[in-house]
Number of protein chains: 2
Amino acid sequence: MDKKQAILKSVLKLVNREGFYHLNMKKIAQEAGVAAGTIYLYFKGKEDLINALYGMIVNEFNQNVLEGYDDGKPVKANFFNMIDLAIDFYLAEPDNFSFIEQYTYAPFLFKENQDENFTLLLPIYKMMREGKKQGVIRNIPDAILLALIHGPMNTIIKLHLAHKTDLNKKGAKQKFHEAVWQAISV
Amino acid sequence: MDKKQAILKSVLKLVNREGFYHLNMKKIAQEAGVAAGTIYLYFKGKEDLINALYGMIVNEFNQNVLEGYDDGKPVKANFFNMIDLAIDFYLAEPDNFSFIEQYTYAPFLFKENQDENFTLLLPIYKMMREGKKQGVIRNIPDAILLALIHGPMNTIIKLHLAHKTDLNKKGAKQKFHEAVWQAISV
DNA sequence: AAAAAATGAATGAACGTTCATTTTTGAAAA
DNA sequence: TTTTCAAAAATGAACGTTCATTCATTTTTT
């Protein structure tokens with residue numbers, strides 16, 4: 001078995017279960033079924049480990065979501081596809097969501113690197129600009145559009161994971177992405 | 001000067017400046033201008049201190065936002081007032097926002113208490129239900145409505161604090177709350 | 001001068017990291 | 001195929017540091 005992957009998976013599991021605050025190297029090692037020292041064969045240290053995991057998730061996310069983008073299709077269809085894929089990504093592996101949320105606001109990294117936090121939004125950005133050019137998306141400032149798309153997505157997933165709503169219910173995702181579309185379309 | 005308040009303010013400042021991860025009792029004491037031991041005269045320990053601060057901010061927030069609510073006025077006016085007040089609250093003291101965000105996803109508290117996280121949403125909830133009853137707000141599930149209101153607010157403040165947009169610019173808040181209203185109104 | 005508040009050095013536990021030692025691997029030799 | 005053995009991988013006890021908390025002592029208040 002790939003130990004590097006096992007270690008990363010342990011961090012993911014532990015951060016979700018107990019939070020960043022209670023995360024420590026011994027627990028990570030135990031959960032991964034390796035010795036504490038082994039972690040240092042694959043990562044420079046705790047900080048490096050955390051950052052590597054973050055990078056991995058961001059890449060997976062972008063890869064997944066961008067698969068829903070097809071130049072040939074209209075903006076609206078692309079929008080629906082991408083929203084749905086983004087939601088599916090987090091519902092399939094809720095630990096990813098919890099980790100990203102905690103990481104974003106618990107900077108291990110230095111302040112300069114914090115701009116990278118917006119990397120997650122790049123697919124949305126791309127689609128947004130295209131829609132504005134075609135005149136199907138309202139001509140309001142980018143930041144507001146971004147807030148109207150990313151914000152609700154974030155909150156609905158939080159609510160789902162807290163069992164305040166159920167996105168797996170038939171039609172739930174449609175209702176949601178249509179509501180968001182209504183917010184941003186002309 | 002009230003030492004209890006000074007200690008709480010220190011935590012707020014430090015969490016925003018360096019994050020939860022680097023927070024420690026000696027720094028808190030130094031920043032507050034008291035001895036480390038003094039903190040324990042006012043709080044049971046670190047966890048108690050953090051939780052007390054969270055409770056304080058949530059109360060202040062709700063008090064502020066609910067001042068924008070007037071039973072005599074139409075739902076739309078109340079909505080605009082409350083959104084604006086909520087934004088003002090965080091812009092006036094950005095440390096509050098940063099703290100709440102970090103706290104919400106870095107549970108010191110045990111999982112059971114996590115439902116309290118939704119306490120912050122109570123004013124929105126109240127307004128939402130009233131609007132639905134009057135037929136001025138769309139009849140979609142509460143969770144989706146909540147996501148369409150709370151989510152964008154959260155994100156726009158994040159973007160503002162990251163200097164990706166400027167909510168203090170003339171008309172910016174209007175543009176924003178009107179966009180959100182468009183998303184939720186019939 | 002008694003009571004209350006504050007201090008900060010001391011304590012011990014927790015934790016990240018290191019490294020001397022052990023185990024595993026796999027290619028070459030028998 | 002079996003044996004050998006050097007290199008690579010893995011181990012986990014030990015180390016040094018950090019940090020929350022305590023409490024004997026000092027300072028302030030009444």
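Quick caveat, the model's predicted, so the values are computed rather than measured. Naming convention: chains lettered A, B, ... in sequence-line order (proteins, then strands); numbering from 1 in each chain. Side-chain atoms are counted along with the backbone in the values below, which use heavy atoms only and exclude waters and symmetry mates.
- Side-chain atoms of B/Y125 and B/D142 form no donor-acceptor pair, as typed in the model, at a separation below 3.5 Å.
- In this structure, the helix from C/dA1-D/dT30 to C/dA30-D/dT1 shows an angle of 10° between the axis at its start and the axis at its end, each fitted on 5 base pairs and rounded to 10°.
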Shorter than 3.5 Å, N or O on both sides, protein versus nucleotides 24-30 of chain D: list them out with atom names.
none

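- Annotation: side chain of A/L49 is in contact with side chain of A/I28 (closest heavy-atom distance under 4.5 Å).
- Side-chain contact between B/R138 and A/Q182 is present, with at least one heavy-atom pair separated by less than 4.5 Å.
- The backbone N or O of B/F20 lies less than 3.5 Å from a partner atom in the side chain of B/Q102, making a donor-acceptor pair.
- Looking at A/N154 and A/E101, their side chains do bring a donor and an acceptor atom within 3.5 Å of each other.
- Within 6.0 Å of atom NZ in A/K175, 12 or fewer heavy atoms from other residues, nucleotides or ligands are found, so the atom counts as exposed in its surroundings.
- A donor atom on one side chain and an acceptor atom on the other are not found under 3.5 Å apart for A/Q174 and A/E178.
- In this structure, the side chain of B/T38 does not engage the main chain of B/V34 through any donor-acceptor pair within 3.5 Å.
- For the pair A/K158 and A/Y90, the cation does not sit on the ring face, since its NZ or CZ is not both under 6.0 Å from the ring centre and inside 45° of the axis.
- Summarising the geometry of B/K46 relative to B/L23, their closest heavy-atom pair is NZ-O, 3.2 Å, with the distance given to 0.1 Å.
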Exercise for the section: Could you encode protein contacts along nucleotides 6-23 of chain D as a string, one character per nucleotide from 5' to 3', using B for base contact, S for sugar-phosphate-only contact and - for no contact, with a heavy-atom cut-off of under 4.0 Å? Expected result: ----BBB------SSBB-
